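Beneath this line is the structure, given in structure tokens, with notes to follow.
It should be emphasised that the depicted structure is a prediction, and the values quoted were computed from it without experimental measurement.
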Amino acid sequence: MSIIVIDNQRVHYEVFGRGRPVVFLHGWLGSWRYWYTTMEIVSRYFRTYSFDFWGFGESLTSEMPTISGYSHQVIRFLDAMGIEKAALVGHSMGGMVAMKTAIEHPERVMRVVTVGAPINGNSLSWMLKLVDRPFFAEFFARRPWLRRSLFRFFFGDSLDPEVDEVLEDSTKSTANTIRAAIHSMWRTDLTPMLGNLRVPALIVHGARDDIVNPNQLQLFTYVPMAQVVRMEQSRHFPFVDEADRFHEILLAFLQQPDPLTLSAQRTTASQGPSQPTSASSEPNNVVDSSEAMIPPPIAPPSRLRVPPGR
């Protein structure tokens, strides 16, 4: 376990691999652990980081969490790790944080991936909105078995039965934390900000998601920097429900050339010998979501694994 102190508060994080940095952000009730399998795969090509948001997992806090506060935590984490720019990959609440951070701090974000993210907080299911009420938050917080059951429901039938550590982390946050996080998500709407997105974005959503409405994909119809992928067999956790396909799509996106690199290549080409002017001679960094996005071969991942004894 690795610990750093940010703004006088403890933050637990883990790091795998070498290369360009990719930071994974977990969702509500979660922790870094459910990204473990994805981090293992991506760390073959990148240096992967994940940390627990304040109030979740092993990261302690004395303050009420907000989406803005978590975005600040991302930037402060990059500062603490000495990272100038990183790719962000966020699931659910973490996806909302990742998108907000990418829009407000494009100088620190190379590219951004959201998975099952509520871009408009009103897209949350009624079940999560209930937790915004003090009675339900206290009821929920005082019954660890209920949290485990809910988290198992989030993951669906594909959750391996032995991942007790993932479920255990879901019970560590207080009633105030889980309520404040839902309260902030519900009242956050990033839709008016999407026109300011200046970094490449990959938006992934399960077609069968019953936690965050899949209609969030429609918000990116006219966002030039965004690629949209709808995973037809997935619910709220595409990286579990369709793991092989998800990891192929993710790696292909992360391995795309940086837009600045493409721009430099085009400038160099324009200064050299004349080239054909047909459209086919121009680089194309827009990927149709219906096309295969296949990176170098990878071994089939396990459905979900956590590190033993961490």
Item to complete: Would you check if I203 and V229 make a side-chain contact, meaning some heavy-atom pair closer than 4.5 Å?
Response: no
Practice prompt. Give every residue pair that meets the ring pair (Phe, Tyr, Trp, His ring centres under 6.0 Å) criterion with at least one member in residues 81-126, sequence neighbours excluded.
Written response: Y34-H91, H91-H236, H91-F237, H91-F239
Worksheet entry | Residue pair F53, H26: steps toward the ring-ring contact (aromatic ring centres under 6.0 Å, His included) verdict | CA-CA 8 Å; F53 282 127; H26 68 78; 4.9 Å; yes
Worksheet item: Do W54 and Y70 pass the side chain to side chain contact (heavy atoms under 4.5 Å, CB included) test, and can you show the C-alpha distance, the side-chain angles, and the key distance before you say yes or no?
Response: CA-CA 8 Å; W54 283 315; Y70 284 151; 4.0 Å; yes
Worksheet item: Is a donor on one side and an acceptor on the other found under 3.5 Å between the side chain of W186 and the backbone of N122?
Response: no
Worksheet entry | Residues which pass salt bridge (Lys or Arg N to Asp or Glu O under 4.0 Å) with D7, listed by chain and number, not counting sequence neighbours | R76
Item to complete: Sort and list the pairs that fulfil salt bridge (charged side-chain N to carboxylate O under 4.0 Å, His left out) and have at least one residue in residues 87-96, not counting sequence neighbours.
Response: none
Discussion item. Does the structure place the NZ or CZ of R111 under 6.0 Å from the centre of the six-membered ring of F253, at an angle of no more than 45° from the ring's axis?
Written reply: yes
Practice prompt. Just do the side chain to side chain contact (heavy atoms under 4.5 Å, CB included) check on R230 and H205 with the steps written out, would you?
Written response: CA-CA 5 Å; R230 177 184 170 102; H205 216 109; 6.0 Å; no
Fill in: Straight-line distance of H72 NE2 to I75 CD1, nearest 0.5 Å
9.5 Å
Fill in: Exercise: identify the closest heavy-atom pair between K129 and G121
CE-O, 4.4 Å
Discussion item. Using side-chain heavy atoms (C-beta onward) and a distance below 4.5 Å, is R10 in contact with E58?
Written reply: yes
Practice prompt. Please list, chain by chain and in numerical order, all residues satisfying side chain to side chain contact (heavy atoms under 4.5 Å, CB included) with A180, sequence neighbours excluded.
Written response: M64, P65
Worksheet item: Do R187 and H183 have side-chain N/O donor and acceptor atoms under 3.5 Å apart?
Response: yes
Worksheet item: Is the shortest heavy-atom distance from the side chain of D241 to the side chain of Q233 under 4.5 Å?
Response: no
Discussion item. Using only atom types and a distance under 3.5 Å, with no angle test, would you say the side chain of S92 pairs donor to acceptor with the backbone of G94?
Written reply: no
Worksheet item: Is there a donor in the side chain of T101 and an acceptor in the side chain of S71, or the other way round, less than 3.5 Å apart?
Response: yes
Worksheet item: Does T114 use its side chain to pair, donor to acceptor, with the backbone of A117 at less than 3.5 Å?
Response: no
Discussion item. Using side-chain heavy atoms (C-beta onward) and a distance below 4.5 Å, is T38 in contact with L250?
Written reply: yes
Practice prompt. For the residue pair I119 and M96, establish whether any side-chain heavy-atom pair is separated by less than 4.5 Å.
Written response: no
Fill in: Test item: side-chain donor near acceptor, H12 and S2, under 3.5 Å
no
Worksheet entry | Rounded distance (nearest 0.5 Å) linking atom CH2 of W35 with atom CD1 of I41 | 11.0 Å
Discussion item. Using only atom types and a distance under 3.5 Å, with no angle test, would you say the side chain of R198 pairs donor to acceptor with the backbone of G195?
Written reply: yes
Discussion item. Walk me through whether V109 and K85 qualify under side chain to side chain contact (heavy atoms under 4.5 Å, CB included).
Written reply: CA-CA 5 Å; V109 179; K85 294 183 73 171; over 6 Å; no
Item to complete: Evaluate the side-chain proximity of V199 to L197: yes if any heavy-atom separation is below 4.5 Å, no if none is.
Response: yes
Fill in: Between E14 and S50: side-chain donor-acceptor atoms closer than 3.5 Å
no
Fill in: Sub-4.5 Å side-chain heavy-atom contact between Q255 and F46
yes
Item to complete: Applying side chain to side chain contact (heavy atoms under 4.5 Å, CB included), name anything that partners M81, two or more places apart in sequence or on another chain.
Response: I4, Y13, Y49, F77, I83
Discussion item. Can a donor-acceptor pair be found, under 3.5 Å and without considering hydrogens, that links the side chain of S184 to the backbone of A181?
Written reply: no
Discussion item. If we ignore hydrogens and angles and just use 3.5 Å, is the side chain of S59 paired with the main-chain N or O of D52 as donor and acceptor?
Written reply: yes
Item to complete: State whether the side chain of R245 and the backbone N or O of P238 hold a donor-acceptor pair below 3.5 Å, judged by distance alone.
Response: no
Practice prompt. Give a yes or no on whether the backbone of P118 and the side-chain of Q216 come within a donor-acceptor separation of less than 3.5 Å.
Written response: no
Worksheet item: Are more than 12 heavy atoms from other residues, nucleotides or ligands located less than 6.0 Å from atom CZ of R18?
Response: no
Worksheet item: Below 4.5 Å, heavy atoms only, C-beta onward: do F51 and V74 meet side chain to side chain?
Response: yes
Fill in: Residue pairs, two or more places apart or on separate chains, that pass salt bridge (charged side-chain N to carboxylate O under 4.0 Å, His left out) and touch residues 97-108
D79-R108, K100-E104
Worksheet item: Does V212 offer a backbone N or O that forms a donor-acceptor pair with the side chain of D209 under 3.5 Å?
Response: yes
